[in-house]
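Presented below is the structure to which this report refers.
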Amino acid sequence: MADPVPPSSSFQVDPGPWVRFQPALDAMLEPLGEAVMARLLLRAGERVLDVGCGCGATTTALADAVGPQGTVTGVDVSGAMLEVARATASARGAGNVSFVEGDAGGHPFAPREFDVVFSRLGTMFFDEPVAGFANLRRALRPGGRLGFVCWHTLEENGWTTAPRDAAVVVLGPQASTGAEESVGPFSLGHRAHVLELLSAAGFVDVEIEPHDEPLLIGRGDVDEAVELFLHLLPTGYLLVEPDRHLLDRIKASLQTVIEKHRSDAGIWMGSATWVVTAR
Ligand SMILES: C[S@@+](CC[C@H](N)C(=O)[O-])C[C@H]1O[C@@H](n2cnc3c(N)ncnc32)[C@H](O)[C@@H]1O
């Protein structure tokens, strides 16, 4: 068994699982994006930036919301995910969508270029969070709205702790996966920290609401749910090149946990997020 990936100051989202499991991840995360959109009250004709747009499901949903007179720009560091996003937008004939490959926390957007900055789980990865959020603020027109969703801590998210614990049953206690470092998916897990960052970046009227709801895992399919967990944080990071024998045992352990969450309605596991808005 290889060691877990060591914590790094510059967290990289592995695009592989996000591309491979895009339909399952979009089905799982759709309600979180909708919770942000519901608070942003998008209007026809607005110019929107989708931060860490990934494979672009939210980018096209935002384009629908602002209509043909509006525009949506998706920005992401991953060329592989943007390739999927571009293909999806093109297949849907979304002519008001464009994509930029780059670091949203440092990309030189034109000042006041956007009315709205949106993100579904894409704002936790800035190497320098205050500078990154300040870069987004400069891209907003005066009075423009920021809205994003981010995870609470890893321990508060049953959809991450349940599969991790299933792997730990086989592997034994593990060192940190790096997921909760200052840069990473759970780095905005504490309300006070989010407020401090956004205030330091110059945002006002910051509202940070807890949003807890079960998420659909693997589109309700046990095999897809097992594969998803084998490749996603935090379980995926515990399993760097596991040997075949261990992998089979981990899969069995994951299946047991998944079955506990399965009903006729699908496989649902708890999640805890913050829905954040500011100006
Ligand atoms: C957890 S995924 C979410 C993807 C997408 N928003 C969704 O909900 O399906 C995080 C995304 O943020 C992107 N990302 C990470 N750091 C970034 C940065 N500094 N600038 C832009 N995108 C970034 C990753 O490549 C990845 O696509």
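As the structure lists them, so they are numbered: ligands from 1, and atoms in each ligand from 1.
Note: an N/O pair closer than 3.5 Å links Asp76 and ligand 1 by distance alone. Annotation: Trp18 places no N or O atom under 3.5 Å from an N or O atom of ligand 1; distance criterion only. Checked against a 3.5 angstrom limit, the closest N/O atoms of Leu29 and ligand 1 fall outside it. Considering backbone and side-chain atoms together, Gly52 places an N or O closer than 3.5 Å to an N or O of ligand 1.
Of all the atoms in ligand 1, the ones that sit under 4.0 Å from a non-hydrogen atom of Leu121 are 1 (C), 2 (S), 3 (C), 10 (C). Numbered from 1 in the order shown, with element, the atoms of ligand 1 that lie under 4.0 Å from a heavy atom of Gly102 read 20 (N), 21 (C). Here is the list of ligand 1 atoms found below 4.0 Å of a heavy atom in Met81: 25 (O), 26 (C), 27 (O).
Taking CG from Leu32 and OG1 from Thr58, the interatomic distance works out to 11.5 Å, rounded to the nearest 0.5 Å. Note that the OG1 atom of Thr256 and the NZ atom of Lys251 stand 14.0 Å from one another [nearest 0.5 Å].
No side-chain heavy atom of Val257 sits less than 4.5 Å from a side-chain heavy atom of Asp165.
Taking the charged nitrogens against the carboxylate oxygens, Arg92 and Asp64 do have a contact shorter than 4.0 Å, which makes a salt bridge.
Within the 4.0 Å heavy-atom shell around ligand 1 one finds Val77.
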Show every donor-acceptor pair shorter than 3.5 Å between a side-chain atom in residues 19-30 and any protein atom, with sequence neighbours excluded, or say none if there are none.
unit_1	atom_1	unit_2	atom_2	d
Arg20	NH2	Glu227	OE1	3.3
Gln22	NE2	Asp26	OD2	3.2
Asp26	OD1	Arg120	NH2	2.8

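Each of Val75, Val72, Thr59 was checked for a side chain to side chain contact (heavy atoms under 4.5 Å, CB included) with Leu49, and the lone residue meeting it is Val75.
Every residue two or more places apart in sequence or in another chain that forms a ring-ring contact (aromatic ring centres under 6.0 Å, His included) with Phe148 is listed here: Phe133.
If you look at Ala57 next to ligand 1, there are no close heavy atoms at all, none under 4.0 Å.
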